[in-house]
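Per chain, numbering begins at 1; letters A, B, ... match sequence-line order.
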2 protein chains.
Amino acid sequence: MAFENYTIKDIAKALNLSPSTVSRALRDSYEISAETKKIVLAYAEKMNYRANPIARSLKERKSYSIGIIVSEIANNFFSQVIDGIESIAYAKNYQVVISQTHESADRERLNVEHLYGRSTDGLLMALSAETSDVRYLESLIEKGFPIVFFDRVPAQIPAHRVIADNKQGGYDAVHYLAQRGCKRVAHLTGARTLSITKERLEGYQMGLQAHALDMDDALVKYCQYGGLQHGELQQAVTELADTDYDGIFISGDKLTTGYLQVMHERYAAQIGQVAIAGFTNSKVVNIFSPTITAIRQPAFEMGQRAAELLIQQIEAKHSGVDFETVVLPTTMIENK
Amino acid sequence: MAFENYTIKDIAKALNLSPSTVSRALRDSYEISAETKKIVLAYAEKMNYRANPIARSLKERKSYSIGIIVSEIANNFFSQVIDGIESIAYAKNYQVVISQTHESADRERLNVEHLYGRSTDGLLMALSAETSDVRYLESLIEKGFPIVFFDRVPAQIPAHRVIADNKQGGYDAVHYLAQRGCKRVAHLTGARTLSITKERLEGYQMGLQAHALDMDDALVKYCQYGGLQHGELQQAVTELADTDYDGIFISGDKLTTGYLQVMHERYAAQIGQVAIAGFTNSKVVNIFSPTITAIRQPAFEMGQRAAELLIQQIEAKHSGVDFETVVLPTTMIENK
DNA sequence: ATGAAAGCGCTAACAG
DNA sequence: CTGTTAGCGCTTTCAT
C-alpha cells in the first residue's frame, strides 16, 4: 500500500541540486539565490510537492497542530468551545484535532498519549467525569508539554485555566427561581469530582441562603455520567419527584435536555409545575417544551481564550510562564 | 521547549544491548530470548518508555490512526456517526481524529491534506456543501490512500460509500404527511450539490406523485449552507409562508431545528397549522415544540460500517478492492 | 550561494 | 539470538 510522493531528494535530483539547497529554497532561506529559489518553487509547484510533515516533526519537534480533548462532541457547550478554538487556531496556522473521552478516564489517557506522542504541540482539555488521577498530566506539564484546561479543570496544576463563573451562574439561577416564587429548589448535577459540579453547587447553596430557601440534601441529585446515561437521569428525576420541589437548577447541557425528556416520558402531567433553570448552550432552547431559563457559558470566547493562551505558551521561547485562570461571566436567558 | 523522552537508544545503552535488539524485544519479536525480553520490558516499564510514533510512522508509513472529516460536529447525525466510527476504531486499535469543514471546500481540502500528510492511514468523510471539485480526492485515492465516504458522497469515485436510503426516507415523509391530509407539502433542503439533497428531493417528488399532490417549485427551498446560517433559513421560511403549504418535509438536522426556530420567532401564531416531518437524529425530538415526525438515519451503524470498510481497506495487502455502496434504511418516528 | 554529512527515533535487511 | 548498518524525509551545522 505504498503511495510515494515527491520528496526533496527527487526535486534535488531533477534539478541537479543538493537536497539541502532545495530544502532551504523551499523555506525561503536568505542564503539561496533568487534565481534558484524561483526554479525550485516552480518545479515543486508543478510536481505538486508536499513536504512530509512527519519527517519535519521528527526533526523539529513541532507539528503546528493542537489537540482538543472533551468528553463529548455531541454537546452544545463543547462544540461551541471547539469552534472558538478553531477560529484562533486557523488564524495562527495551527491545525486542530479533536477527540472524545465519553467520560472515561482510560480513554482520556489514551487520547492524551496519542496526541502527545504524535507531536501535537499542545493540548486543550476539559477533564472527563471519571478522572481522578491527574498525575500523568502533571508530569507531561513538567516535561514542558503545554496543556491548557477549560471548563472542567484540575485543582493544583501549574497550567492555564479558562472557566466560566460557575458559582455566579448557579447563584443567578437560584435567585431567578426564588424571584419567581419557588420555595423548594432542587439541583440536578453531574459528577461530584468535577470542578464545575462543585462551583455550581456552591452558587446554588449561596442562592438558597440568600433567599432563605430550604436546604435539603434530598433536593440535590448527582449523575455520575452527567446525563450521558439515561438511566441515571431517570433515577434522579424519579427520586426528586418525591420531594415536592417547585423549581430546579440543572447543571449541564445533557442534564438539562435529559431532565426535560424524563419529564415528558414519566411526568408529563406535572410539566409546567416546576420552574426550570439550567446550564445549557443549546441554540434551540426556544423550541423546547417546557420552557426553560438558560444559563449560558460564553463557550466560543472560552475556546478562543484557551487557544490563545495555549499558542502563546507553545510559542514562548522560555518556559517561565505565569499561569493564569481566566474566569468568564455567564449570562441568563429567560424564554417565554 | 525541548522535553526529551527515553528512546530506544537510551535503553540499549543502559542495558548494553543494541537498539535493534531493544526494538525487537519491545515488539515481542520471536527472535529475541525470553530472558532479554523480560529485562528490556521491565526497564522500559520502569523508565516509562513510550515509543515515538512519529518516528515509527516515518519508517512504516502507518500510524494506526484514521481521520474523520465532517462539516459540523454540532450536528446530531454526524456526532452519532462519529461515535459509531470510534466504537469500531477503538476495538481495532486505531486512534481517531476529527476535524470539521464548516461547509467550506477550502477547509475541507486543508483538513484532508493535513490528515493525509500526517500519515493518517485513511479517511472517513462526508463532503462539505461547498465542495464541487473532488479531483484532489480522486488523485489521493489513485495513489492508494483509502477514503470511505458516508452520507454526502461524491459521484463517480472509486471508493466505498455508506449512505442512508434517502430517497425512501423522503418518500416515507411525504407519504406520512399525505396520510395526515396534507395537500400542499413543502420541502426545505440543503445545498443543491449534495448527494443527499438530490436523493431526498427524488423521494419527495416520488411521494407527491404517488399521492397526486401539488408539484410546485415555489414549495421547494434550498439553503446553501444547510441551515448553518440563520439568515438563509429565515429567508426560506419567509418565502414559504406565502405558499399556503400545510405540510413540510425537511431535509436535515440543522434545517429541522432551524425551521422550528424561525417559526417561533416569526410565525408563532401559525405553529400547529403545518404538519412537519424532517430528517433529524436529535435524541430529544420529544421535547421539541411543535411536535414533529422524525426521519432518522442509522447514524451509529453507518459509522460502524464505514469504519469497518475503511479498516478492511487499510489492512488489505493488495489493493484489488471491490468498492461497495452500502445503503442503510431510515426509520420514521412519530411523536405525539 | 551551494553541497556533504549527520541525525531526529525507529525498523529491518543482512551478518554473524 | 543479537549486532551492524542503512534509511524513512527533512533540517542543519559545517565546509567550500
Side-chain angles (χ1 to χ4, degrees), chain A residues 1-41 43-44 47-65 113-114 116-119 121 143, chain B residues 1-41 43-44 47-65 113 116-121 143:
Chain A
M1 192 104 300
F3 34 97
E4 302 313 329
N5 279 314
Y6 279 87
T7 72
I8 277 191
K9 263 190 194 163
D10 299 326
I11 300 183
K13 207 168 295 171
L15 264 33
N16 253 311
L17 290 167
S18 78
S20 39
T21 303
V22 175
S23 170
R24 281 186 276 240
L26 255 15
R27 334 195 84 238
D28 200 28
S29 160
Y30 66 97
E31 15 176 31
I32 301 294
S33 75
E35 184 62 9
T36 309
K37 277 183 192 170
K38 214 165 62 183
I39 299 174
V40 171
L41 267 312
Y43 188 77
M47 294 286 106
N48 195 28
Y49 167 78
R50 292 272 179 272
N52 180 330
I54 296 266
R56 188 170 347 204
S57 287
L58 181 59
K59 186 76 188 163
E60 296 191 324
R61 271 92 218 298
K62 175 120 172 85
S63 66
Y64 275 98
S65 73
E113 294 192 337
H114 176 248
Y116 169 69
R118 300 206 72 76
S119 281
D121 296 337
K143 280 188 191 171
Chain B
M1 193 106 300
F3 33 96
E4 302 312 330
N5 279 315
Y6 278 86
T7 71
I8 276 190
K9 263 192 193 161
D10 298 327
I11 299 183
K13 207 168 295 169
L15 263 35
N16 253 311
L17 290 168
S18 78
S20 44
T21 301
V22 175
S23 170
R24 282 186 274 241
L26 255 14
R27 335 194 82 239
D28 199 28
S29 160
Y30 67 96
E31 17 179 30
I32 301 294
S33 76
E35 183 61 10
T36 309
K37 277 183 192 169
K38 213 165 63 184
I39 298 174
V40 171
L41 267 314
Y43 187 76
M47 293 289 104
N48 196 27
Y49 167 78
R50 291 275 178 270
N52 181 331
I54 296 266
R56 181 150 23 189
S57 287
L58 181 59
K59 184 75 187 162
E60 297 193 322
R61 269 95 217 298
K62 174 119 174 87
S63 66
Y64 275 98
S65 71
E113 293 191 338
Y116 170 68
R118 300 206 73 77
S119 282
T120 303
D121 296 336
K143 279 187 192 171

Separation of I11(A) atom CD1 from dT11(D) atom P, in whole Å? 11 Å

Is the phosphate of dT11(D) approached by R27(A) (side-chain N or O, under 4.0 Å from OP1 or OP2)? yes

Got a second to check how far I8(B)'s CD1 is from N52(B)'s CG, nearest 0.5 Å? 10.0 Å

Between atom NZ in K62(A) and atom C1' in dT12(D), what is the gap in whole Å? 18 Å

Okay, side chain of S57(A), backbone of P53(A): is any donor-acceptor separation there less than 3.5 Å? yes

Between atom OG of S20(B) and atom CD1 of I32(B), what is the distance when rounded to the nearest 0.5 Å? 7.5 Å

Distance col, row K59(A):NZ vs L58(B):CG, nearest 0.5 angstrom, shows 12.0 Å

Work out which heavy atom in S63(A) is nearest to a heavy atom in D121(A); give both atom names and the distance. N-OD1, 2.8 Å

Strictly below 4.0 Å, heavy-atom distances to any atom of DNA chain C: list the hits from residues 50-59 of chain A, or just say none. L58(A), K59(A)

Please assess Y43(B) against V22(B) for the test side-chain contact (heavy atoms from CB on, under 4.5 Å), listing each intermediate value before the final yes or no. CA-CA 10 Å; Y43(B) 187 76; V22(B) 175; over 6 Å; no

To the nearest 10 degrees, the angle between the two end axes of the helix from dA1(C)-dT16(D) to dG16(C)-dC1(D) (five pairs per end) comes to 50°

Using a heavy-atom cut-off of 4.0 Å across all strands, would you classify T7(B) as base, sugar-phosphate, or nothing? sugar-phosphate

Can you see if the side chain of S23(A) gets near the phosphate of dC10(D) - specifically, an N or O under 4.0 Å from OP1 or OP2? no

OH/Y64(B) to NE2/H114(A) distance, rounded to the nearest 0.5 angstrom? 12.5 Å

Nearest-Å distance for atom pair CG/C1', residues D28(A) and dT11(D): 16 Å

Can you check the L26(A) CG to dT2(C) C1' distance for me, whole Å? 15 Å

Count the heavy atoms of every other residue, nucleotide or ligand shown that sit under 6.0 Å from NZ of K38(B), and state whether that count exceeds 12. no

Taken to the nearest 0.5 Å, the spacing of K9(B) NZ from L17(B) CG works out to 15.5 Å

Taken to the nearest 0.5 Å, the spacing of T21(A) OG1 from E31(A) CD works out to 9.0 Å

Atom-to-atom span, CD of E60(B) to P of dA13(C) - whole angstrom: 11 Å

Between atom CD1 in I8(B) and atom C1' in dG7(C), what is the gap in whole Å? 16 Å

Tabulate protein N/O versus nucleotide N/O from nucleotides 1-3 of chain D, keeping only pairs under 3.5 Å, one per line.
residue, atom, partner, partner atom, Å
dT2(D), OP1, T36(B), OG1, 2.7
dT2(D), OP2, S33(B), N, 3.1
dT2(D), OP2, S33(B), OG, 3.4
dT2(D), OP2, T36(B), OG1, 3.0
dG3(D), OP2, S18(B), N, 3.0
dG3(D), OP2, S18(B), OG, 3.4
dG3(D), OP2, T21(B), OG1, 2.6
dG3(D), N7, R24(B), NH2, 2.9
dG3(D), O6, R24(B), NH1, 3.1
dG3(D), O6, R24(B), NH2, 2.6

Should T36(B) and L15(B) be marked as a side-chain contact (heavy atoms from CB on, under 4.5 Å) after you check the CA-CA gap, both sets of side-chain angles, and the distance that decides it? CA-CA 10 Å; T36(B) 309; L15(B) 263 35; over 6 Å; no

Report the distance from atom OH of Y6(B) to atom P of dC8(C), rounded to the nearest whole Å. 17 Å

If only side-chain N and O atoms of Y49(B) are considered, is one of them under 4.0 Å from the OP1 or OP2 phosphate oxygen of dC10(C)? yes

